[in-house]
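Please read the structure below before turning to the comments.
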Amino acid sequence: MRVVIVGGGFAAVKFAKTLRNKLRGSECEILLFNRENHMVFHPLLADVAGASINADAAAAPLRQMLPGVECRTERVQRIDLPASEIEFDSASGTLARLHYDHVVIACGAESNLGIVPGMTEHALPFKVVSDAIDLRQHVVRQMENAEAASELDRRRWYLSFIIVGAGFSGAEVAGEINELVRSSTRFYRNFRKEDVTVTLVHSQDQILPEVVPKLRAFAQKRMQKAGITMLLNTRAVAATHEGIQLQDGRMLAGATVVCTIGTTISPIVERLNVAKERGRIRTVPDMRIEGQTNAWAIGDCAFIVNAFDHKPSPTTAQFAERQGRQAALNLIRILRGQPTQPFRFKALGQLCSIGGYEAVAEMLGMRFSGFPAWVMWRGVYLFKLPTWSRRIKVALDWAWDLLFPRDLSFLNTDAAQQVTHAYYRPGDFVHRRGELAQVFSIIEEGEVEILQPAEESSDGKVIAVLGKGDFFGEEALLANRPHESSIRARTVVRLAQVGSALFSQMAGSFAPLRDVLVKAVTRHTGDFWRYLPLAKPLLADETIASLMDPPPAKLLSKETTFAEAVAALTESATGHLLVLDEKQQLWATLDRDDLYRIIARIAVSSNGMRAEDTKRKLGELLYGDPIYVALDDSALVASATMLDHGLSWLVVVQGKNDLRPVGCLRGDKISNRTIEKLGRMETDRARAAS
């Protein structure tokens, strides 16, 4: 018999260990698939982030924990329940299939920082060992940055740490960061404890909702006394490179944002065609998947009703371990022809460290707080570690932490060699004129404004608009000089950013990219207006309303078929059409060039265009995010935008936040008006001279 386990957490390990102890190798082959070759001991991640234990203490190697179990690190892509097979990426790079007699799905849940805009780009997750290591490195790096900063406000920004979510993970990591930074200030000369700010942002009226109110109140009081600021009944609605925006509009500034909220369903679970509840796999009482006889689900990915209280089991380690053991015993009962038993477990208690050698604990109906609870917390988790080697290592680390300062070393990674992502709200500056060029930016979503070089304030003059697929920063990087203009987000903007060193390597070694960049620099509006200095003020004073034509009479929708769009384009006098969304807002544009690109894309993806392709809707054939200008923009902005995009026409919408189309603007009409004005200026100058 072959049993395949997908996952490597508490539930998966306990299942594999129990099954191996009960069945000989000749009776049962056990294969465990997990992307990491270790089990993450989540209760110790905060200690790793706070540098009180070494990172390897929280990562127990699966092979050493599970003798007699074959451990594999290939990625499982799909579980074929009807065929009793799994598909996985083999070492040769091909998709392989493996038959099983029983499969156990214990792949847990994954972090989903995307529930708050900008968190994915600017917040640090806290789910696996690498997250804790990265956080520790980041915290120490911010202390080094603060030591080198000459301005007080900048120092305090580097020393401001924001933790979103005040459950177990949030409270523990806040306490550890606070302890690490404040205890380390004695090794720095340029800042003191008073400059350090650690803030917990929580949407409820009390922290630690998992424990009783009395312990919550104790934890909150002690953490505040230690210097941690609590923002309760407060939600983060966005994150940027400067900090987080709160629901009341306030901006909470900080160089470090840690997000401990937000999980999402695993892709494996998402692809399973089985009953689910709140994104988790529904099981029958013995933990087999509903409707299946040889497929089991345990741990965080499973929706298991506890027979003890008839409530869904919480996603905690103690429940996951008991589910793993119970499921393994039920599988053995099936093999022996015995009836299975429902999952039944009474929670033993809860423990949470809050920093400063204090904790809160509920154990077997008794409640503890302060130093005794901290000793209990360390003792319980020490003996819950899976091997004696881990226990000895962690015990030595904790003893060292009591006697000596925490380790402040870190690996200094070069940001100039990295590709990162950034999020900006409308009105945020991506960079200002005069700042050193550090990244090459590509717009993944939204639009940015190029501001007139002489004005960097929030009401500066807009001279051009860039949109999805456009890029900027190449000119300053290629010339090795500061930015000559400011870039401000016009809408919500997401950028992919290439560090300066990596950009230089790519531009130097990849000739096609270098040619594109050179053409972009020569076409750039900042250079273009140097050749037509008289035209710039003329266009700046010209309104768009005086130049625009009415919008096309025929307006399309996302539901318009390709065949209908072709017919409408054939009848169009201007050769371009507008596509609106359900709210009658501009969603895309369509001209003959777009038509040819759609045909080519369909032909390539479908190996030739078929009759049924003509019935496909524009919503699936076109990309959104069209380039446009607002009615209150100037003709200079419109002209510069056309130059930057190589366009001959633009859509005019009612406003930046109201994308109802009100007209179209042609480049030749702008050119003609400019020539007329220049002619009048020359005539007036000649008359004045005579």
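Computed from a predicted model, the values in this text were never measured in an experiment.
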Do Thr315 and Arg280 make a side-chain contact, defined as non-hydrogen atoms from C-beta onward lying under 4.5 Å apart?
yes
State plainly whether the residues Arg378 and Asp47 are in salt-bridge range, i.e. N to O under 4.0 Å.
yes
Look up atom CZ in Arg78 and atom CD1 in Ile268, then write down how far apart they are to the nearest 0.5 Å.
12.0 Å
Starting from the C-alpha separation in whole Å, work towards a yes-or-no answer on salt bridge (charged side-chain N to carboxylate O under 4.0 Å, His left out) for Arg494 and Glu444.
CA-CA 5 Å; Arg494 284 184 165 87; Glu444 296 181 309; over 6 Å; no
Could you go through Phe308 and Phe343, starting from their C-alpha distance and side-chain angles, then the distance that decides it, and tell me whether this counts as ring-ring contact (aromatic ring centres under 6.0 Å, His included)?
CA-CA 8 Å; Phe308 175 77; Phe343 174 71; over 10 Å; no
Just wondering, are more than 12 heavy atoms of other shown residues or ligands nearer than 6.0 Å to CH2 in Trp398?
yes
Is there a side-chain contact between Tyr381 and Val394 (heavy atoms, below 4.5 Å)?
no
Quick one: does Met376's side chain get under 4.5 Å of Leu351's, heavy atoms only?
yes
How about Arg72 and Leu31: do any of their side-chain heavy atoms sit closer than 4.5 Å?
yes
Has the side chain of Gln247 got a donor or acceptor atom that lies under 3.5 Å from a matching backbone atom of Arg235?
yes
Residue pair Asn306 / Ser313, side-chain donor-acceptor N/O under 3.5 Å:
no
Side-chain heavy atoms of Asn294 within contact of Tyr100, under 4.5 Å
yes
Check against side-chain hydrogen bond (donor to acceptor under 3.5 Å, both in side chains), Thr120 and His421:
CA-CA 8 Å; Thr120 302; His421 296 269; over 6 Å; no
What orientation do Phe10 and His42 show, parallel under 30°, tilted 30 to 60°, or perpendicular over 60°?
tilted
Can any side-chain N or O of Arg216 pair as donor or acceptor with the backbone N or O of Leu208 at less than 3.5 Å?
yes
Within 6.0 Å of CZ in Arg367, more than 12 heavy atoms from elsewhere:
no
Is it true that Glu321 and Lys14 have a side-chain N and a carboxylate O under 4.0 angstrom from each other?
no
Evaluate the criterion side-chain contact (heavy atoms from CB on, under 4.5 Å) for residue pair Val104 and Leu331; output intermediate values, then yes/no.
CA-CA 10 Å; Val104 181; Leu331 175 55; 5.7 Å; no
So do Leu252 and Arg250 actually touch side chain to side chain, heavy atoms under 4.5 Å?
no
When the ring planes of Trp374 and Tyr357 are compared, do they come out parallel, tilted or perpendicular, using 30° and 60° as the limits?
perpendicular
Main-chain N/O of Arg24 paired to Arg20 side chain as donor or acceptor, under 3.5 Å
yes
For Gln341, what residues pass the side-chain contact (heavy atoms from CB on, under 4.5 Å) criterion, not counting sequence neighbours?
Gln326, Asn330, Arg333
Arg406 and Glu176 ion-paired at < 4.0 Å:
yes
Determine whether a donor-acceptor pair (N or O, by modelled atom type, separation under 3.5 Å) exists between the side chain of Glu362 and the backbone of Gln350.
no
Considering only NZ, NE, NH1 and NH2 on the basic side and carboxylate oxygens on the acidic side, decide whether Glu290 and Arg282 come within less than 4.0 Å.
yes
Within the 4.5 Å heavy-atom criterion, are Leu272 and Ile105 side-chain neighbours or not?
yes
If every non-hydrogen atom of Ile5 is compared with every non-hydrogen atom of Ala16, which pair is closest and at what distance?
CD1-CB, 3.6 Å
So ring pair (Phe, Tyr, Trp, His ring centres under 6.0 Å) across residues 47-97, not counting sequence neighbours, yields Phe33-Phe88
Check whether more than 12 heavy atoms from other residues, nucleotides or ligands sit under 6.0 Å from atom CG of Asp248, and answer yes or no.
yes
Crowding at CZ, Arg63 (>12 non-hydrogen neighbours, <6.0 Å):
no
Would you call Tyr423 and Val492 a side-chain contact if the rule is heavy atoms closer than 4.5 Å?
yes
